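Everything numeric here is computed off the predicted structure, so don't read it as measured data. Lettering follows sequence order; numbering is per chain, from 1.
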Amino acid sequence: MSIEPEPGTVTVASRLSGFMRGGGILVPVVTALIAFLVGGIVVLATGANPIDTYKAIFDGSGLNWLFPWVTGDDRTLAALNLQQTLLLTTPLILTGLAVAFAFRAGLFNIGGQGQYLIGSFAAVWVGSSFADMATLPHVVLSVVAACAAGGAWAGIAGLLKATTGANEVISTIMLNWTAVYLGFYLFGLGGPLQNSDPQQQSVPVSNDVVASAQLHVFWGDPELQGLHIGIFIALVTVAVFWVLLNRSVTGYEVRAVGFSPDAAEYGGISAGRSYVKVMLICGIFAGLAGACDVLGWQFRVATNDIQVSQVGFYGIAVALLGRNTAVGTVAAALLFGALLNGTSVRNLDPSIFEPQLATNLTYIIQGLIVLFVSAPVLVTSLSRGRLRARRKPMPKPEVRTGAGA
Amino acid sequence: MSAVSEEPAAASRRGGGSRVLERLRRVTGPQWCGWAGIALGVLSFYVTLPPVLIRSIAPSIVIGLVGLTLGAIAVRAGEKRVGWGAVVASLAGILGAYGAVSSGVTNLDRVVVWSALLAAALRYATPLTFAALGGVTSERSGVVNIGLEGMMLMGAFFGAWGADVTSSWVGGLAIGMLAGAATGFVHAVFAISLRADQIVSGTAINFLALGITGYLFVKIYGDEGTPDNLPAIPDVHLPIGGIPFIGDGLEQLNLMIWLGLLLVALLTAFLFRTPQGLRLRSVGENPLAADTAGISPIRVRYLAVIASGAFAAMGGVFLSIGFVHSFNQNMIAGKGFIGLAAVIFGKWKPGGALAAALLFGFSSALAQRLPVFSPSTATLFQALPYVLTLIAVAGLVGRSRPPAADGIPYERH
């Protein structure tokens with residue numbers, strides 16, 4: 001139900017190899033279904049009706065807007081909800097790409113969160129300064145600043161990996177938390193980028209992004225967090241990701257290093273330079289996500305948000321579920337965006353299921369998906385088990401859920 | 001496990017003394033120079049702080065320059081690591097002294113209360129220590145454990161819940177550790193049996209723990225939170241209040257703090273002084289060789305990862321019913337990752353991890369008091385553990401090297 005949408009990207013999917021299509025779509029779909037099944041059992045154990053709950057989450061996400069028979073007030077509400085879902089999907093696509101690109105190069109970029117944060121810091125700084133600039137140059141300047149900052153932040157990890165062999169998992173984790181505290185410093189009380197309005201002296205928040213740096217809202221009310229053009233930026237970036245990876249020299253080198261750094265070196269590709277390049281690009285993707293959020297609908301960075309934000313971590317789940325492909329990332333980002341928005345306090349009907357519980361249910365479902373995707377043995381046995389599954393369909397998922405719960 | 005390590009622990013303490021002496025004899029001249037330089041660097045800062053409180057920069061500069069010279073001598077003689085350490089320590093000491101001299105005495109008196117700083121540092125270090133011990137146990141057996149954060153969170157929630165249900169902190173500790181061990185078991189199944197990518201399954205553990213604890217917390221305690229009269233882990237009172245400096249600091253500390261220190265000693269003895277410990281380390285270095293020698297890498301790794309979960313959970317239990325006395329969603333807030341940092345900074349040794357945790361704990365304790373000077377700069381201080389670890393993995397100051405087979409699933413043929 002939730003993986004299939006995105007009919008417009010089928011042409012890109014059709015160009016992927018047959019293997020990726022066969023094993024590449026079935027496995028994530030089954031994985032997600034099992035995770036939702038377990039989630040349903042959890043809901044059932046709580047005493048609520050899982051089908052009603054998932055229906056409420058689905059409606060809360062606004063995906064029912066796609067059904068032509070939803071009309072009138074329902075349709076207006078669905079449109080509002082769908083705008084919210086796509087708002088959340090935008091950064092998820094980008095942070096997903098930041099993780100996916102690294103995976104294809106044999107690197108694990110766990111630092112999407114830090115790169116996203118640094119990008120949003122840069123975007124809010126540039127976006128709230130230069131109030132006299134014209135709109136287009138101001139937006140471009142802010143976005144470029146965010147990309148550069150995110151790229152530089154990730155580049156630290158790439159450079160360390162290339163020069164000293166430092167494990168990028170550890171260094172990106174450390175950079176994540178360094179970014180968090182850097183944000184506390186910058187926007188906290190008395191910090192250099194804290195709100196300059198004397199009335200706001202006791203509020204740990206940045207200056208507001210001025211109108212000339214805000215992204216254009218093309219669907220919905222700009223006052224009510226309508227959908228901004230960031231979603232198109234994200235989709236264009238997906239195309240760039242695909243071309244970069246599959247049709248460019250850099251992509252070829254990156255994938256070669258991903259398969260085997262030694263073999264790539266033997267073939268004349270510098271693995272070290274490739275690591276730096278990959279991390280730079282990943283950081284640019286994640287920084288762009290920060291720019292979209294800040295310039296598109298948040299317009300400010302508060303230290304509370306820095307603490308709560310999980311966008312970069314969701315990106316890991318998005319990339320894994322999307323099998324690090326362009327189309328997969330979009331589909332997975334839409335799934336998680338819908339799930340996040342559908343379970344939010346504002347959108348889920350509390351008479352059917354308590355939103356606070358549902359938010360945690362999202363974490364559980366996400367954890368299960370990542371857990372199942374983590375085991376290639378599980379995945380291969382799953383696709384190999386397709387034939388056997390015809391004979392004994394039920395026991396297999398049960399065993400898996402037993403191990404995961 | 002503790003029954004096995006009890007006796008060798010005592011043995012190593014006896015044998016340990018002579019070993020330390022032997023090591024000291026092996027220390028060369030230039031190395032002494034370097035260490036003396038580091039000590040002088042620290043001293044140059046110390047003399048400007050209470051209670052010595054010299055209000056002039058001159059003595060610090062003299063002491064610091066001597067330290068710098070000693071460091072330079074050590075570097076020239078080939079003792080690069082200690083030598084550069086001395087150079088950095090001396091420069092930092094002079095800088096710190098300059099800062100102290102140029103700030104007010106009242107502020108200094110309020111910030112630098114050694115006994116309170118010591119107690120606070122120990123308190124902040126304890127959750128990190130438990131997490132780091134969990135990390136050391138797991139990674140020494142060859143399984144990377146990014147899920148420490150989640151395991152701590154499980155310990156924190158189930159510790160609070162267990163204490164509430166059984167009306168005793170012992171019950172809370174036991175249930176919390178069980179929950180951590182169970183989480184460790186899940187990680188073990190995926191990382192060892194299913195040969196999952198250990199980083200990915202660790203990440204999944206973190207998400208799962210966040211969801212499970214948050215879900216149960218909302219379901220059981222709703223908006224009101226955990227009850228106020230949650231049974232707490234008791235403090236240990238020692239009649240040492242009279243001793244200057246450490247007396248005031250160590251007089252009244254939580255039981256878990258002492259348990260943490262004890263666990264460090266026990267784990268060190270276990271890992272490096274018992275056959276079982278040797279087996280665990282060998283599995284982490286070369287599982288194939290261990291397997292050939294009749295050790296089951298699968299079994300050893302399972303036990304290590306389960307124990308790792310229980311250890312990390314102890315840190316969580318301390319936080320919820322020994323420190324904060326309540327549970328909040330996502331209350332670990334990155335401490336598991338600082339624990340991971342302590343593992344790396346401490347070079348995969350329990351003692352090293354403790355030292356790193358103490359350093360990080362001290363920086364947190366200091367950050368708590370620094371807002372007197374500047375609230376925004378104080379928060380930067382909390383990033384110190386992460387930045388230091390970044391420097392440590394980069395090998396700028398002595399390379400941290402993981403066990404050889406760390407993170408590589410073992411496949412039996």
Side-chain angles (χ1 to χ4, degrees), chain A residues 42 46 108 110 156-157 160 163-167 169-171 173-182 184-192 194 303 307-308 310 313 316-317 320 354 356-357 359-378 381 403-405, chain B residues 144 146 150 186 189-191 193-219 222-223 329-330 333-334 337-338 340-341 344 374-390 393-396 399-400 402 407:
Chain A
V42 173
T46 320
F108 197 155
I110 233 173
I156 298 174
L160 288 180
T163 53
T164 70
N167 186 331
V169 172
I170 305 298
S171 52
I173 288 178
M174 299 306 144
L175 285 168
N176 275 346
W177 290 94
T178 312
V180 168
Y181 285 106
L182 189 65
F184 286 178
Y185 164 71
L186 289 175
F187 306 110
L189 299 182
Q194 200 216 338
T303 54
Q307 209 159 9
V308 182
Q310 295 265 1
F313 295 118
I316 300 171
L320 287 170
E354 205 179 329
Q356 276 94 350
L357 281 182
T359 311
N360 287 304
L361 187 69
T362 309
Y363 287 126
I364 295 179
I365 290 175
Q366 186 188 5
L368 288 173
I369 287 177
V370 175
L371 199 59
F372 295 148
V373 171
S374 73
V377 174
L378 201 66
S381 70
Chain B
V144 171
I146 298 274
V186 174
V189 167
F190 275 82
S193 296
L194 296 173
R195 296 194 293 282
D197 186 307
Q198 297 169 5
I199 311 276
V200 179
S201 74
T203 309
I205 292 287
N206 287 338
F207 282 132
L208 268 181
L210 192 60
I212 291 171
T213 57
Y215 196 95
L216 290 174
F217 175 69
V218 173
K219 188 73 200 157
D223 297 330
Q329 291 193 53
N330 198 12
F337 288 110
I338 310 189
L340 187 70
I344 297 154
S374 158
S376 57
T377 319
T379 52
L380 266 189
F381 230 78
Q382 298 186 331
L384 196 67
Y386 308 111
V387 177
L388 283 178
T389 306
L390 204 56
V393 276
L396 298 183
R399 186 64 153 278
S400 295

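- When heavy atoms are compared at a cutoff of 4.5 Å, A:Phe108 approaches chain B solely by way of its side chain, counted from C-beta outward.
- Contacts of A:Ile170 with chain B are made by side-chain atoms alone, with heavy-atom separations under 4.5 Å and no backbone atom involved.
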side-chain contact (heavy atoms from CB on, under 4.5 Å) evaluation trace for A:Phe313 with A:Asn176: CA-CA 10 Å; A:Phe313 295 118; A:Asn176 275 346; 3.8 Å; yes

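- Closest of all the heavy-atom pairs between B:Ala341 and B:Thr389 is CB-OG1, 3.1 Å.
- Across A:Tyr181 and B:Tyr386, no two heavy atoms sit closer than the pair CE1-CE1, 3.6 Å.
- Using a 4.5 Å cut-off between heavy atoms, B:Gln198 makes no contact with chain A at all.
- The parts of A:Leu357 that come within reach of chain B are both its backbone and its side chain, each placing non-hydrogen atoms under 4.5 angstrom from that chain.
- Using a 4.5 Å cut-off between heavy atoms, A:Val42 contacts chain B through both its backbone and its side chain.
- For B:Ala333, the part sitting under 4.5 Å from any heavy atom of chain A is the backbone (N, CA, C, O) and nothing else.
- Proximity to chain B (any heavy atom under 4.5 Å) is shown, for A:Phe187, by neither the backbone nor the side chain.
- By number of non-hydrogen pairs under 4.5 angstrom with chain A, the leading residue of B:Gly214, B:Pro385, B:Ala209 is B:Gly214.
- Neither the backbone nor the side chain of A:Gln194 comes within less than 4.5 Å of any heavy atom in chain B.
- Using a 4.5 Å heavy-atom threshold, the side chains of A:Asn360 and B:Gln329 count as touching.
- Of the atoms belonging to B:Ile146, it is side-chain heavy atoms, and not backbone ones, that fall under 4.5 Å from chain A.
- In this structure, A:Val373 and B:Val200 have side chains that are not in contact, with every pair of non-hydrogen atoms separated by 4.5 Å or more.
- With a threshold of 4.5 angstrom between heavy atoms, A:Gln307 does not approach chain B through any atom at all.
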Verdict with supporting geometry, A:Gln310 and B:Leu210, side-chain contact (heavy atoms from CB on, under 4.5 Å): CA-CA 12 Å; A:Gln310 295 265 1; B:Leu210 192 60; 3.8 Å; yes

Passes side-chain contact (heavy atoms from CB on, under 4.5 Å), A:Tyr363 versus B:Tyr215? Steps please. CA-CA 9 Å; A:Tyr363 287 126; B:Tyr215 196 95; over 6 Å; no

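- A:Leu186 does not touch chain B: none of its heavy atoms, backbone or side chain, sits under 4.5 Å away.
- For the pair A:Leu371/B:Val186, a side-chain contact is recorded, criterion being any heavy-atom separation below 4.5 Å from C-beta on.
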